[in-house]
Amino acid sequence: MTEDAVVDVPDQELLTIGAFAARARLSAKALRLYDRLGLLAPAHVDEATGYRYYRAGQVERARLVAMLRQLDMPLARIAEVVAAGDGPTAAALLGAYWADVEARVAGQRTLAEYLRGRLSGRSSEMYRKFAIETVDVPAQVVITETRHVLVGELPAWIGASLGRLESAARECGGVTAAPFVVYHSEVSMESDGPAESCVPVADEAAARAWAERHGRTWGTKVAVHPAQRLAYTRITKAQVAHPQIMAAFEAVEEWIAREGLEQAGPCREVYFADWEATGAQDPVCDVAFPVS
């Protein structure tokens, strides 16, 4: 008997892998792969021959797995969708996955456009879209949290860390200026910084007492930043996203060199607006470099 034969098992009619593959419009190779990945197990496996047999009712699941794989959905997420069955839960899982895909593609599209501009020699044209100014910042006492983080993890960490520090600032005399994030090294898909979230506070003694209590748990510390001049450009909420923000950083760097100035410290993002209350085109952030 071949593996493509049809057999009867008590109380249920089963299809061989060949017959089931024909109904599901898939290959036997694909069905063996789905079995190996734990996405679609046969209803019965013959102990003597190892042949796989399926129920006719498994056809829709097989087709669903195949279509989800065509969306490049990770195996773990396919398993979640399939386990949820038909209904709003499965639809919501698929919707969440596809929203992630569209966000990633949008970022890749923006990066491609940015790189196309650089490669075609239009960098200066892109940089002229940013208005660069300088501002003098007084000395500040800041409470900080430092983390090695990749670019995909950065938005969530910035929101969480600044939230923790702003809450802690109540014990340190209150917030005295806009919070900011300092990049001590590159943050990208391959490089993890580190990045440092900073919140200026009023009371240095209270801040040091707070850091003594929480430093080991959160990786926090207190620092006194000297007075300094910043060269900066103001960007919208939409422009904060990576890789859009790269053009803003490079525009400020190009302006500093053109003006004959020198970078006097690591770059930063200064968040002066309520992130949740602002729209995509509202100014929310200054991309800045200390200069001398």
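Atom CD1 in I158 sits 12.0 Å away from atom CZ in R147 (nearest 0.5 Å). Taken to the nearest 0.5 Å, the CD atom of E259 stands 10.0 Å off from the CD1 atom of I132. The CD atom of E145 lies 8.5 Å from the CG atom of L162; values are rounded to the nearest 0.5 Å.
I256 places a side-chain heavy atom less than 4.5 Å from the side chain of F289. Inter-residue side-chain proximity for V199 and V142 is flagged as unmet; no heavy-atom pair is nearer than 4.5 Å. The closest side-chain heavy-atom distance from E253 to Q263 is below 4.5 Å. W275 is not listed as a side-chain neighbour of D282, based on a closest heavy-atom distance of 4.5 Å or more. In this structure, F130 and Q239 have side chains that are in contact, with non-hydrogen atoms separated by less than 4.5 Å. Taking 4.5 Å as the limit, some side-chain heavy atom of L40 sits within range of a side-chain heavy atom of Q58. A heavy-atom distance below 4.5 Å is found between the side chains of L64 and L68. With a 4.5 Å cut-off on side-chain heavy atoms, R69 and Y34 count as touching.
Electrostatic pairing of D72 and R77 does not count as a salt bridge here, judged by no charged N lying under 4.0 Å from a carboxylate O. Under 4.0 Å is where a charged nitrogen must lie from a carboxylate oxygen, and between R234 and D286 at least one such pair does.
The two residues F20 and R55 have their closest heavy-atom pair at CE1-O, 3.3 Å. Scanning all heavy atoms of the two residues, the minimum distance from E171 to A206 falls at O-CB, 3.4 Å. Summarising the geometry of A131 relative to T233, their closest heavy-atom pair is O-OG1, 3.0 Å, with the distance given to 0.1 Å. Of all the heavy atoms in V222 and A211, the pair that sits closest is CG2-CB, 3.7 Å. Between P74 and Y97, the shortest heavy-atom distance links the atoms CD-CE1, 3.6 Å. The minimum heavy-atom distance linking V201 with A207 is given by the pair CG2-CB, 4.0 Å.
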Where do V65 and V82 land on the side chain to side chain contact (heavy atoms under 4.5 Å, CB included) test, with the steps shown first?
CA-CA 7 Å; V65 170; V82 171; 3.8 Å; yes
Is there a side chain to side chain contact (heavy atoms under 4.5 Å, CB included) between L39 and R61? Walk through the geometry before answering.
CA-CA 9 Å; L39 299 175; R61 177 165 178 161; 5.8 Å; no
Using the salt bridge (Lys or Arg N to Asp or Glu O under 4.0 Å) rule, take E212 and R208 through it: C-alpha gap first, then chi angles, then the decisive distance, then the call.
CA-CA 6 Å; E212 182 67 24; R208 294 194 181 280; over 6 Å; no
Show, in sequence, the C-alpha distance, side-chain angles and deciding distance for R63 and E60, and conclude whether the salt bridge (Lys or Arg N to Asp or Glu O under 4.0 Å) test is met.
CA-CA 5 Å; R63 292 176 179 171; E60 288 304 315; 3.4 Å; yes
Please lay out, stage by stage, how F180 and V137 fare under the test side chain to side chain contact (heavy atoms under 4.5 Å, CB included).
CA-CA 13 Å; F180 55 96; V137 179; over 6 Å; no
For Y232 and V135, what are the C-alpha separation, side-chain angles and deciding distance, and is it a side chain to side chain contact (heavy atoms under 4.5 Å, CB included)?
CA-CA 8 Å; Y232 73 95; V135 61; 3.8 Å; yes
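With hydrophobic clusters built from ILVMFWY side chains whose heavy atoms lie under 4.5 angstrom apart, L154 does not share a cluster with V182.
Exactly one of T144, T146, I143 qualifies for a side-chain contact (heavy atoms from CB on, under 4.5 Å) with C198. That residue is T144.
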Using distance only, find each side-chain donor-acceptor pair of residues 266-273 under 3.5 Å and give its atom names and separation, not counting sequence neighbours.
from : atom 1 : to   : atom 2 : distance (Å)
E269 : OE1    : Y183 : OH     : 3.1
E269 : OE1    : Y271 : OH     : 2.4
E269 : OE2    : Y183 : OH     : 3.0

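Within the 3.5 Å criterion, the main-chain N or O of R164 finds no donor-acceptor partner in the side chain of S167.
Within a 6.0 Å sphere centred on CD of E47, other residues, nucleotides and ligands contribute 12 heavy atoms or fewer. Other residues, nucleotides and ligands contribute over 12 non-hydrogen atoms within 6.0 Å of the CZ atom of R258.
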